[in-house]
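Predicted model only: the values in this text are computed from it and were never measured. Side chains included, hydrogens not; waters and symmetry mates left out as well; all remaining heavy atoms used.
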Amino acid sequence: MKEVMAIVRQNKVNVTKEALALAGIPAFTCRKVLGRGKKLIDMTLLRNIVESGEIPVDTSGEYLSETTRLIPKRVFTIVVEDHDIEKVVNAIMEVNSTENPGDGKIFILPINENYQVRNGEASLDAY
């Protein structure tokens, strides 16, 4: 078993839920989070803004505050059998990729054990 942890844009929650359901993956957890990527300030952009005296309204304005600002995102946690990993990853990537920075990340983690709280059952069927 594996855990798929997918960080996506907050406006992509509904399409991600639909894509997972269509892929036959109805069970997941989704949480609100704040975070940031590795994006650095483009010094040429900064120099141009200082010279013009205006912060651009387009996405380049984000680059100025990106080093300290935390961006609202959503994290999907999905636990699936190993053979379903590709299906989950493809479903998430298909609806979240805009080919721009900030589209998100997907991490795959091993699940060594799981238990049902209700009855203490420990097995692959417990999830």
Side-chain angles (χ1 to χ4, degrees):
M1 290 177 53
K2 298 279 195 271
E3 174 186 351
V4 179
M5 182 172 52
I7 302 169
V8 302
R9 296 179 191 272
Q10 63 181 352
N11 64 335
K12 295 290 192 170
V13 170
N14 287 334
V15 294
T16 303
K17 292 188 313 186
E18 290 170 12
L20 289 170
L22 288 172
I25 311 294
F28 57 83
T29 300
C30 183
R31 295 172 293 178
K32 294 179 181 181
V33 295
L34 296 172
R36 54 168 272 89
K38 296 187 242 180
K39 195 184 318 179
L40 299 175
I41 293 176
D42 180 347
M43 295 311 285
T44 306
L45 175 64
L46 182 58
R47 199 172 303 113
N48 292 340
I49 288 170
V50 169
E51 289 172 5
S52 72
E54 292 184 15
I55 295 179
V57 179
D58 64 8
T59 57
S60 61
E62 284 185 20
Y63 285 95
L64 295 176
S65 60
E66 188 68 20
T67 59
T68 58
R69 186 170 64 122
L70 296 176
I71 310 296
K73 297 284 186 171
R74 298 297 181 262
V75 173
F76 279 82
T77 303
I78 307 126
V79 177
V80 294
E81 298 288 344
D82 290 1
H83 59 82
D84 286 330
I85 293 295
E86 187 175 346
K87 180 171 33 172
V88 171
V89 169
N90 289 340
I92 293 168
M93 295 211 24
E94 183 177 316
V95 296
N96 284 280
S97 178
T98 65
E99 299 184 12
N100 291 301
D103 281 348
K105 296 280 187 194
I106 298 175
F107 303 95
I108 311 296
L109 300 101
I111 298 291
N112 296 323
E113 296 181 52
N114 67 62
Y115 298 87
Q116 282 187 0
V117 174
R118 174 174 42 93
N119 59 15
E121 179 184 344
S123 73
L124 292 179
D125 298 329
Y127 76 98

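Using a 4.5 Å cut-off between side-chain heavy atoms of Ile, Leu, Val, Met, Phe, Trp and Tyr, Val15 falls into a hydrophobic cluster with Val95.
The salt bridge (Lys or Arg N to Asp or Glu O under 4.0 Å) analysis of residues 13-32, with sequence neighbours excluded, yields no pairs. Residue pairs meeting the ring-ring contact (aromatic ring centres under 6.0 Å, His included) criterion with at least one member in residues 7-38, sequence neighbours excluded: Phe28-Phe76.
Under the salt bridge (charged side-chain N to carboxylate O under 4.0 Å, His left out) criterion, Lys12 pairs with no residue, sequence neighbours left out. Judged as a side chain to side chain donor-acceptor pair (under 3.5 Å), and not counting sequence neighbours, the contacts of Glu113 are Tyr115. For Arg74, there are no salt bridge (charged side-chain N to carboxylate O under 4.0 Å, His left out) partners at least two apart in sequence or on another chain. Lys73 is linked by a side-chain contact (heavy atoms from CB on, under 4.5 Å) to Ile7, Arg9, Val33, Ile71, counting only residues two or more places apart in sequence or in another chain. Here Leu109 pairs with Glu3, Met5, Phe107 under the side-chain contact (heavy atoms from CB on, under 4.5 Å) rule; sequence neighbours left out. Lys105 meets the salt bridge (charged side-chain N to carboxylate O under 4.0 Å, His left out) test with no other residue; sequence neighbours excluded. Looking at residues two or more places apart in sequence or on another chain, you find a side chain to side chain donor-acceptor pair (under 3.5 Å) between Asn119 and Gln116. Legend: residues meeting side chain to side chain donor-acceptor pair (under 3.5 Å) with Asn100, ordered by chain and number and at least two apart, are Thr98.
When hydrophobic clusters are built by joining Ile, Leu, Val, Met, Phe, Trp and Tyr residues whose side-chain heavy atoms come closer than 4.5 Å, directly or via intermediates, Val13 is not grouped with Val75. Leu22 and Val89 are members of different hydrophobic clusters when ILVMFWY side chains are connected at heavy-atom separations under 4.5 Å.
Here CG of Asn90 is found 8.5 Å from CD1 of Ile106. Values are rounded to the nearest 0.5 Å. Taken from NZ in Lys87 to CD1 in Ile92, the straight-line distance is 12.5 Å, to the nearest 0.5 Å.
Looking at heavy atoms from C-beta onward, Val79 lies out of side-chain contact with Asn114 at the 4.5 angstrom threshold.
In terms of heavy-atom proximity, Ala91 sits nearest to Ala19 at O-CB, 3.7 Å. Heavy atoms only, all atoms of each residue included: Leu34 and Pro72 are closest at CD2-CA, 3.7 Å.
Residue Glu94 qualifies as open at atom CD: its count of foreign heavy atoms under 6.0 Å is 12 or below.
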